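The first residue of the sequence shown is numbered 1, and numbering continues consecutively from there. None of these values were measured; they are calculated from a predicted model.
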Amino acid sequence: PGRPGSAGRRCYKCQALITLVPAGPEAAEYAGPLPLDGQVYRAVVSARHHGNGDRELFSGLVTISPDGSGSGAESILVTLEAFGREPADCLAPGDFFTLWRGRDLARGIVTRRIFV
């Protein structure tokens with residue numbers, strides 16, 4: 001059947017464009033800097049459900065695309081994997097989300113779904 005506690009959990013993978021939220025000096029102790037290209041970064045993903053409009057929270061893995069972050073770039077192209085009950089109902093192309101790690105870290109928009 002699967003691992004204990006994994007019932008109903010799904011993985012959803014997509015590409016997204018994020019914009020970092022400016023932070024004060026004390027924020028570094030919570031979020032830390034974003035990793036270099038290709039490294040994985042854990043964060044909470046917050047997005048609205050299509051059906052009821054409620055905000056849903058998902059465990060997320062963020063990977064910065066190798067060509068996604070130029071120096072001084074305002075937006076960063078990432079791959080986002082969200083794990084939870086209904087991530088596909090919250091993270092379709094065109095949907096907005098927030099990445100959180102002790103504070104709002106970035107705001108993003110899903111650009112396309114990645115099928116694996």
Side-chain angles (χ1 to χ4, degrees):
R3 295 184 309 229
S6 65
R9 289 183 52 90
R10 300 192 184 343
C11 175
Y12 181 83
K13 191 171 185 178
C14 61
Q15 186 178 59
L17 203 55
I18 63 169
T19 302
L20 299 179
V21 174
E26 71 284 349
E29 70 183 79
Y30 296 109
L34 278 176
L36 300 173
D37 297 345
Q39 292 181 333
V40 177
Y41 191 77
R42 292 178 186 253
V44 173
V45 180
S46 173
R48 295 225 178 260
H49 191 279
H50 297 156
N52 58 26
D54 290 344
R55 188 150 293 282
E56 301 284 338
L57 299 176
F58 304 98
S59 296
L61 296 176
V62 181
T63 307
I64 298 176
S65 299
D67 58 346
S69 60
S71 68
E74 193 170 303
S75 297
I76 302 168
L77 189 62
V78 300
T79 299
L80 171 66
E81 291 181 75
F83 302 88
R85 285 191 46 191
E86 300 174 328
D89 292 340
C90 302
L91 294 167
D95 285 341
F96 294 95
F97 64 90
T98 301
L99 293 178
W100 184 86
R101 187 167 172 164
R103 67 171 181 87
D104 282 357
L105 184 63
R107 292 191 171 62
I109 184 169
V110 177
T111 57
R112 69 182 180 98
R113 181 171 182 185
I114 299 173
F115 294 91
V116 289

| request: Output all residues satisfying side-chain contact (heavy atoms from CB on, under 4.5 Å) with Arg113, sequence neighbours left out; order by chain, then residue number. | output: Tyr12, Phe115
| remark: Output for pair (Phe58 CZ, Glu81 CD), nearest 0.5 Å, gives 14.0 Å
| field | Contacts of type side-chain contact (heavy atoms from CB on, under 4.5 Å), residue Phe96, not counting sequence neighbours | value | Ile109
| task | Compare every heavy atom of Ala82 with every heavy atom of Pro87, then report the nearest pair and how far apart it is. | result | CG-O, 3.9 Å
| Min side-chain heavy-atom separation Trp100-Leu57 under 4.5 Å | no
| query | Can you list the residues that meet the side-chain contact (heavy atoms from CB on, under 4.5 Å) rule with His50, with sequence neighbours excluded? | reply | Ala92, Asp95
| Taking every non-hydrogen atom, the tightest pair across Ala47 and Leu91 | CB-CD2, 3.8 Å
| said: My understanding is that only residues two or more places apart in sequence, or in another chain, count here; which of them pass side chain to side chain donor-acceptor pair (under 3.5 Å) with Thr98? | reply: none
| request: Decide yes or no on side chain to side chain contact (heavy atoms under 4.5 Å, CB included) for Tyr41 and Leu99, but give the supporting numbers first. | output: CA-CA 11 Å; Tyr41 191 77; Leu99 293 178; over 6 Å; no
| said: Could you report the tightest heavy-atom contact between Arg103 and Val21, atom names first, then the distance? | reply: NH1-O, 3.4 Å
| query | Picking from Thr111, Ile64, Leu17, Thr63, what satisfies side chain to side chain contact (heavy atoms under 4.5 Å, CB included) with Val78? | reply | Ile64
| CZ of Arg42 to CG of Leu61: how many Å apart, nearest 0.5 Å? | 6.0 Å
| message | Just so I know, are the side chains of Val45 and Phe83 near enough to count as touching, which here means a heavy-atom distance under 4.5 Å? | response | no
| request: Starting at OG of Ser46, measure out to CZ of Arg107 and round the result to the nearest 0.5 Å. | output: 10.0 Å
| task | Kindly write out the residues that satisfy side chain to side chain donor-acceptor pair (under 3.5 Å) with Arg48, not counting sequence neighbours, or none if the list is empty. | result | none
